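Order of the sequence lines sets the chain letters (A, B, ...), proteins ahead of strands, with each chain counted from 1. Fair warning: this is a prediction, and the values are worked out from it, not measured in the lab.
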Amino acid sequence: MSTQQASFVRGSMIEASPAPALQSGAVSWLRKNLFATPKDTALTIVSLLLLAWLVPPAIQWLFIDAAWTGGGRGVCATLSQGGSQPEGWSGACWAFVNAKFDQFVFGRYPIEERWRPALVGILFVLFLVPMLIPRIPYKGLNAILLFAALPIIATILLPGGWFGLTYVETALWGGLMVTLALSFVGIAVSLPLGILLALGRRSDMPVIKMLCTVFIEIVRGVPLITVLFMASVMLPLFLPQGVTFDKFLRALIGVSLFASAYMAEVVRGGLQAIPKGQYEGADSLGLSYWQKMNLIVLPQALKLVIPGIVNTFIGLFKDTSLVSIIGMFDLLGIVRFNFTDANWASSVTPISGLIFAGFVFWLFCFGMSRYSGFMERQLDKSQR
Amino acid sequence: MAIGVTNAPERSKSSGSIINDPQARGIFYQAVTVILLAVLIYWIADNTIENLKRANIASGYGFLNSRAGFDVGQSLISFTSDSTYGRALVVGFVNTLLVAVTGIITATVIGFIVGIGRLSHNWIIAKLSLAYVEVFRNIPPLLVIFFWYSGVLAILPQAREALALPFNMYVSNRGLAFPRPIPGEGSLYTLLALLIAVAATFFVARYARQKQMATGQRFPVLWTALGLIIGLPLLTFLATGAPLTFDVPVAGKFNLTGGSVVGPEFMSLFLALSFYTAAFIAEIVRAGIRGVSKGQSEAAHALGIRPRLTTRLVIVPQAMRIIIPPLTSQYLNLTKNSSLAVAVGYADLVAVGGTILNQTGQSIEVVSIWIIVYLSLSLATSLFMNWYNARMALVER
């Protein structure tokens with residue numbers, strides 16, 4: 001090829017001109033995302049109107065008009081209701097939440113002994129946080145601390161009765177502490193039990209298989225309330241006279257068994273997704289059944305079903321609120337219990353307390369689902 | 001065994017004791033399990049009989065025929081305190097079905113709207129739907145029920161100052177009062193016309209499918225069906241002289257009189273279950289639509305099918321195949337969650353059963369009735385699901 005000089009060919013590149021104003025920047029974003037078509041425009045306007053109608057009054061009610069401090073129902077009631085607020089006032093009664101906050105966390109646990117659940121709580125956070133951060137080493141030790149040491153410490157500290165600690169009966173426990181304790185034990189029991197049930201359901205032994213299937217299907221087929229009723233009404237019937245179970249323990253058994261049936265189905269899904277070759281490969285290496293499951297199948301299967309497992313955890317966490325129906329004071333139960341306090345009775349007290357409880361539940365569940373998403377991405381990376 | 005035979009199965013039989021034979025081990029483990037279980041059951045039965053004898057409770061279902069002696073707040077079938085326990089349980093079951101069916105319908109509607117909204121190109125709609133899902137999915141349903149019951153409905157004005165809504169409806173802290181339709185003489189014909197219209201629609205749809213298969217021509221099934229189902233009964237209704245009057249609630253001095261009233265218990269349960277389950281249905285719908293690969297809609301466009309038809313004929317049928325199974329289990333969840341009624345005192349199966357249990361102490365019988373009823377609902381649902389899956393599953397080579 002010969003190089004020819006043609007006068008009509010440019011010698012240098014022209015500078016790139018900026019994109020047209022309608023193709024970039026805020027205007028383009030608005031056009032693309034909010035006003036793409038007439039239908040879109042209509043939808044946008046309707047939703048903006050809806051937001052304008054809902055959000056400012058909500059903020060007004062929740063924050064600006066809210067009663068933040070005060071020592072009694074007076075700050076949350078209007079003059080005609082015997083309070084100090086002007087006529088027609090309505091706002092959140094955060095003073096109620098403020099005054100009852102300790103009770104919402106510890107229930108009716110004796111005030112001078114509250115350092116015990118607080119200490120367990122601090123240890124729980126201390127052991128849990130490094131467990132959740134993938135980069136921190138010594139996961140094995142950490143797991144032992146969290147799942148072996150912590151329950152032992154908690155069983156010594158919370159009820160007491162040993163080492164000079166005064167005994168606090170479980171009827172006095174309550175609030176967030178009970179919710180967290182129930183969920184923690186439920187999670188710690190339901191995962192291994194669920195795995196065992198799932199393995200049993202896929203076992204070659206017909207009797208074991210049938211027993212596991214029947215258990216799983218019955219528990220999954222009935223509402224948790226009936227399981228809790230069963231645990232609280234029928235369990236005492238089944239035991240010899242004189243042997244009584246603590247109410248808290250009964251709820252714990254009910255919740256754990258219920259969650260493990262759901263967990264079993266999640267794990268079974270993972271087990272079914274593992275190709276047959278993996279099982280056969282393990283067999284041909286001469287591994288025993290438990291070696292095969294522990295070393296080859298379960299690590300892969302559980303990794304596959306992490307979202308399902310976390311969803312079951314979230315479900316379990318939400319389900320612990322049901323124990324308030326059988327007369328225990330978890331977070332929701334203790335909040336409702338305090339509605340009856342004549343010192344705080346007003347028309348906005350219940351809704352304020354419920355919004356607070358809902359927010360706490362939401363924080364925990366949302367946190368768990370976010371963490372599961374993060375974990376999934378982490379594992380995805382390691383697989384590539 | 002002969003020396004020198006290296007046949008593998010032969011050797012595994014001969015080598016060592018029976019302890020290492022997997023089959024023998026299996027039988028041994030199962031035998032141990034059965035024996036342990038039998039001992040446990042015997043122990044439990046023994047204790048139970050002992051405990052029941054001491055508490056003077058006769059076992060058996062005879063109590064179902066004795067007088068209940070309590071009232072239920074809301075019931076679709078007649079019930080007085082003189083009715084039997086058995087009838088009370090039936091009332092509870094009907095109430096469970098009522099809240100489940102109405103809840104399922106509302107949850108499906110909200111869930112589909114929100115789920116499609118999450119896929120919208122419109123930023124605000126997508127974010128609003130996301131916010132809805134994230135809020136309701138992460139709050140216990142029981143808390144939502146209490147939110148409506150003691151947070152919202154309880155602080156509504158009293159019945160004599162009830163808020164008036166359109167169509168002569170009133171809402172107060174005693175619930176929602178609405179006009180009750182009273183069918184007059186001849187309204188049977190309207191019902192008959194509706195049945196005929198439904199049957200006719202069925203045949204029209206079949207004819208349309210055969211015609212399309214044979215000639216490729218499409219028949220406007222939707223419009224015909226709408227015309228038949230709405231038009232025919234309406235015409236009959238007008239022709240027979242509109243035999244329908246309303247019992248309208250009237251605001252009296254102390255209370256509302258007339259009309260039908262839905263109590264706050266039902267309202268709060270219904271609203272909470274609908275909103276809660278809708279969040280899950282929305283996620284299912286979103287996953288279902290996202291699960292249809294993009295190639296499908298692109299292929300439809302390449303064939304020259306218009307966007308609306310693409311949605312209706314290509315995307316929705318394939319998405320429904322993914323959506324239906326988890327949707328059914330959400331319906332089942334809603335039905336089971338309706339047992340939370342006991343918390344606000346709506347007389348569903350569990351609440352009525354709980355009252356009977358407290359009165360008679362027949363805990364085993366009542367719990368067994370609960371288990372049987374809910375289990376049959378679950379089994380019926382999973383049978384339907386299996387049938388549907390078999391019908392809809394991709395026929396692969």
Side-chain angles (χ1 to χ4, degrees), chain A residues 29 32-34 36 40 43-44 47-48 50-51 203-208 211 217-218 220-226 229-230 233-234 236-241 289 314 317-322 324-325 332 335-336 339 347-348 350-355 357-358 361-366 368-369, chain B residues 22 26-27 29-31 33-34 37 43-48 50-52 54-55 120-126 128 134-135 137-144 146-147 150-152 154-155 332 335-340 342-343 350 353-354 357 363-364 366-367 370-371 374-379:
Chain A
W29 186 89
K32 251 186 221 145
N33 291 303
L34 297 181
D40 250 4
L43 279 174
T44 305
S47 358
L48 284 178
L50 188 74
L51 283 177
S203 156
D204 296 329
M205 300 181 230
V207 173
I208 308 269
L211 286 177
E217 288 305 328
I218 286 186
R220 268 164 37 94
V222 300
L224 175 57
I225 275 291
T226 56
F229 266 123
M230 245 160 104
V233 187
M234 281 170 74
L237 269 186
F238 290 162
L239 296 170
Q241 199 196 11
Y289 178 80
I314 294 176
F317 188 78
K318 288 188 290 188
D319 281 345
T320 55
S321 63
L322 265 64
S324 64
I325 295 179
L332 183 57
V335 168
R336 288 189 54 229
F339 296 164
S347 62
V348 287
I351 198 166
S352 310
L354 287 173
I355 289 177
F361 273 108
W362 185 85
L363 268 186
F364 277 95
C365 296
F366 188 68
M368 277 195 262
S369 73
Chain B
I27 291 170
Y29 287 144
Q30 295 183 63
T33 315
V34 170
L37 197 71
W43 185 69
I44 285 177
D46 194 48
N47 285 329
T48 311
E50 184 75 12
N51 283 328
L52 287 179
R54 204 176 316 108
S120 167
H121 296 296
N122 191 316
W123 187 81
I124 288 194
I125 299 280
L128 277 179
E134 290 295 0
V135 165
R137 209 166 50 152
N138 289 321
I139 294 179
L142 186 60
L143 202 146
V144 188
F146 283 132
F147 178 85
S150 44
V152 178
I155 57 173
L332 204 55
T335 312
K336 283 188 285 178
N337 277 337
S338 71
S339 62
L340 297 178
V342 68
V350 172
L357 199 156
S363 52
I364 297 175
V366 170
V367 169
W370 284 340
I371 291 182
Y374 282 104
L375 262 189
S376 0
L377 285 178
S378 310
L379 284 179

Counting heavy-atom pairs under 4.5 Å to chain B, which of A:Asp319, A:Val335, A:Leu43 comes out on top?
A:Leu43

Shortest non-hydrogen contact between B:Leu142 and A:Ser321, atoms and distance
CD2-O, 3.4 Å

Could you tell me if the side chain of A:Met230 sits less than 4.5 Å from the side chain of B:Ile371, heavy atoms only?
yes

How long is the gap from CG on A:Leu322 to CG on B:Leu340, to the nearest 0.5 Å?
5.0 Å

Heavy-atom proximity to chain B below 4.5 Å, by part of A:Ser324
side chain

Specify the closest pair of heavy atoms between A:Pro223 and B:Lys336, including all atoms of both residues, with the distance to one decimal.
CB-O, 3.4 Å

Could you state the interatomic distance from CG (B:Leu143) to NZ (A:Lys318), rounded to the nearest 0.5 Å?
11.5 Å

As an exercise, state the distance from CZ of A:Phe361 to CD1 of B:Ile139, rounded to the nearest 0.5 Å.
10.0 Å

Options A:Ile355, A:Val348, A:Leu354, A:Leu363, ranked by heavy-atom pairs under 4.5 Å with chain B, top entry:
A:Leu354

How long is the straight-line distance from CD of B:Glu134 back to OG of A:Ser369, given to the nearest 0.5 Å?
5.5 Å

Sequence neighbours left out, what passes side chain to side chain donor-acceptor pair (under 3.5 Å) with B:Ser150? Give chain and number order.
none

Once rounded to the nearest 0.5 Å, what's the spacing between atom CG of B:Asn138 and atom CE of A:Met368?
8.5 Å

Using non-hydrogen atoms and a 4.5 Å limit, figure out which bit of A:Leu332 sits close to chain B: side chain, backbone, both or neither.
side chain

A side-chain contact here means heavy atoms from C-beta on lying under 4.5 Å apart; do B:Thr48 and A:Phe238 qualify?
yes

Residue, of A:Gly221, A:Ser203, A:Gly353, that accumulates the most heavy atom pairs under 4.5 Å with chain B:
A:Gly221

What part of B:Leu332 gets within 4.5 angstrom of chain A, counting heavy atoms only: side chain, backbone, both, or neither?
neither

Would you mind telling me which of A:Asp40, A:Leu34, A:Thr44 makes a side-chain contact (heavy atoms from CB on, under 4.5 Å) with B:Trp123?
A:Leu34

Is any side-chain heavy atom of B:Gln30 closer than 4.5 Å to a side-chain heavy atom of A:Pro206?
yes

Identify which part of A:Ile218 has an atom lying under 4.5 Å from any heavy atom of chain B, answering side chain, backbone, both or neither.
both

Could you tell me which portion of B:Leu357 (side chain, backbone, both or neither) has an atom closer than 4.5 angstrom to a non-hydrogen atom of chain A?
side chain

Nearest heavy atoms of B:Ser363 and A:Leu237, plus distance in Å:
OG-CD1, 3.2 Å

Taking atom CZ of B:Phe147 as the centre, report whether more than 12 heavy atoms of other residues, nucleotides or ligands fall under 6.0 Å from it.
no

Which bit of A:Ile325 comes within less than 4.5 Å of chain B, counting heavy atoms only: side chain, backbone, both or neither?
side chain

Tell me every residue that passes salt bridge (charged side-chain N to carboxylate O under 4.0 Å, His left out) with B:Glu50, counting only those two or more places apart in sequence or in another chain.
none

Under a 4.5 Å heavy-atom cut-off, does chain B meet the side chain of A:Arg220, its backbone, both or neither?
backbone

Supply the atom-to-atom distance A:Met205 CE to B:Tyr29 OH, rounded to the nearest 0.5 angstrom.
7.0 Å

Quick one: what part of A:Leu224 sits under 4.5 Å from any heavy atom of chain B, side chain, backbone, both or neither?
neither

Does any heavy atom of chain B fall under 4.5 Å from the side chain of A:Phe339, the backbone, both, or neither of them?
side chain

Per-residue contact mode, A:Phe229 against chain B (heavy atom under 4.5 angstrom)
side chain

Between A:Ser47 and B:Leu128, the two heavy atoms sitting closest are CB-CD1, 3.7 Å

Would you say the side chain of A:Val233 lies within less than 4.5 Å of the side chain of B:Val367, judging by non-hydrogen atoms?
no

Nearest heavy atoms of B:Trp43 and A:Leu239, plus distance in Å
CH2-CD2, 3.8 Å

